[in-house]
Amino acid sequence: MSKQVEWRKAILRSVRDLTPDIRLFEIVPEGEFVAPTPGSHINVGVQIGERADVRSYSVVGPCADGLYRIAVKRLPDSRGGSLYMWSLAPGAQLSISTPGNHFDLSLGRPEYLLLAGGIGITPIYTMALALAHAGANFRVLYACRGRQDMALADDMRAQVGDRLQMFLDEEGARVDLDAEIARLVPGGEFYVCGPIGMLEAAKRAWQRSGRPVDQLRFETFGNSGRFATEAFKVKIPRLGMELEVPPNKTMLEALEAAGVSMISDCRRGECGLCALYIIETTGTVDHRDVFFSDEEKTENRKLCTCVSRVAGGDITIDTADRAA
Ligand code: FES
């Protein structure tokens with residue numbers, strides 16, 4: 001896994017709409033260009049109202065021409081990052097990081113199955129191009145709502161041909177995960193990027209297949225829950241605190257802003273470092289992470305504060321060894 005090594009200034013060179021709500025940004029970094037590997041992301045400094053913040057976006061394509069390309073979906077219940085990005089015009093000054101990668105592609109496997117849902121196509125597209133370039137044996141399954149939501153599909157089709165298979169909700173098409181995994185040769189790897197429901201279904205199907213856990217790799221958006229995003233109250237009896245998590249902030253951000261000393265790393269529901277104990281809730285915990293198993297989510301003892309939320313009520317948590 002590569003590290004975020006450096007922040008630098010950059011200029012937005014151009015924007016192009018791939019779909020009505022997915023926009024491609026071409027970014028020229030200042031200084032030496034650090035080439036991204038497939039599955040990489042760059043961090044971008046964004047402004048949310050008065051507050052400076054950071055968002056991670058997957059790099060699109062090999063970027064062999066020295067430009068970073070990212071695709072940003074405009075989200076109605078966004079915490080503000082996508083709206084900020086969509087407000088930018090060519091020539092805008094940006095602050096970006098060099099590429100990091102939590103979703104590495106390992107070359108040399110006998111076969112690959114790639115699955116993308118919606119905007120999850122961005123790293124999967126890049127991986128497909130890299131695998132085609134390497135002469136690897138692979139298939140790409142791309143699921144999205146309808147034809148007008150397909151981003152990068154024509155371009156990918158031109159480059160990988162029949163290896164790409166589309167599944168459109170509007171046509172009632174569904175990916176049969178068990179059958180697709182069964183077709184994968186032993187030792188083959190499965191890469192998934194999509195909304196949390198897709199990731200959970202993929203994890204369950206992979207588990208049923210009995211294949212090695214480390215041959216399934218995935219990345220999540222970290223913001224797609226089962227309930228609409230709404231404000232909720234958090235009570236922390238141990239610290240004598242009560243705070244509100246607004247719709248445009250994560251619980252982790254709200255706890256940090258209130259001075260609770262938190263531990264975190266991925267901030268996208270994958271590592272579990274930000275998890276806290278649940279004492280009780282008057283609502284429903286919307287577990288949006290891919291760290292806890294289905295059983296653990298049903299037990300409801302802990303939640304990943306970087307992505308999970310509460311719907312229809314408040315929550316009381318224990319910060320255990322954390323201090324204010
Ligand atoms: S910081 Fe990694 S799961 Fe929350």
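Note that this is a predicted model, so its numbers are computed, not measured. We count ligands from 1, going down the list as the structure has it; atoms in each ligand are counted the same way. Quick note: residue numbers are just sequence positions, from 1.
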Q: Treating Ile, Leu, Val, Met, Phe, Trp and Tyr as nodes and any side-chain heavy-atom pair under 4.5 angstrom as an edge, say whether Ile119 and Leu164 lie in one connected cluster.
A: yes
**Q.** Any side-chain heavy-atom pair of Gln215 and Trp206 under 4.5 Å
**A.** yes
Q) Between Glu296 and Ser293, does any side-chain donor sit less than 3.5 Å from a side-chain acceptor? A) yes
Q | Distance-only donor-acceptor check, side chains Thr250 and Arg267, under 3.5 Å | A | no
Q | Every N, O or S from the protein that is nearer than 2.8 Å to atom 2 (Fe) of ligand 1 | A | Cys266 SG, Cys271 SG
Q.
If you define the side chain from C-beta out and look only at heavy atoms, does anything of His102 sit under 4.5 Å from Cys266?
A. no
Q | Cationic tip of Arg163 above Phe138 ring, under 6.0 Å, 45° of axis | A | yes
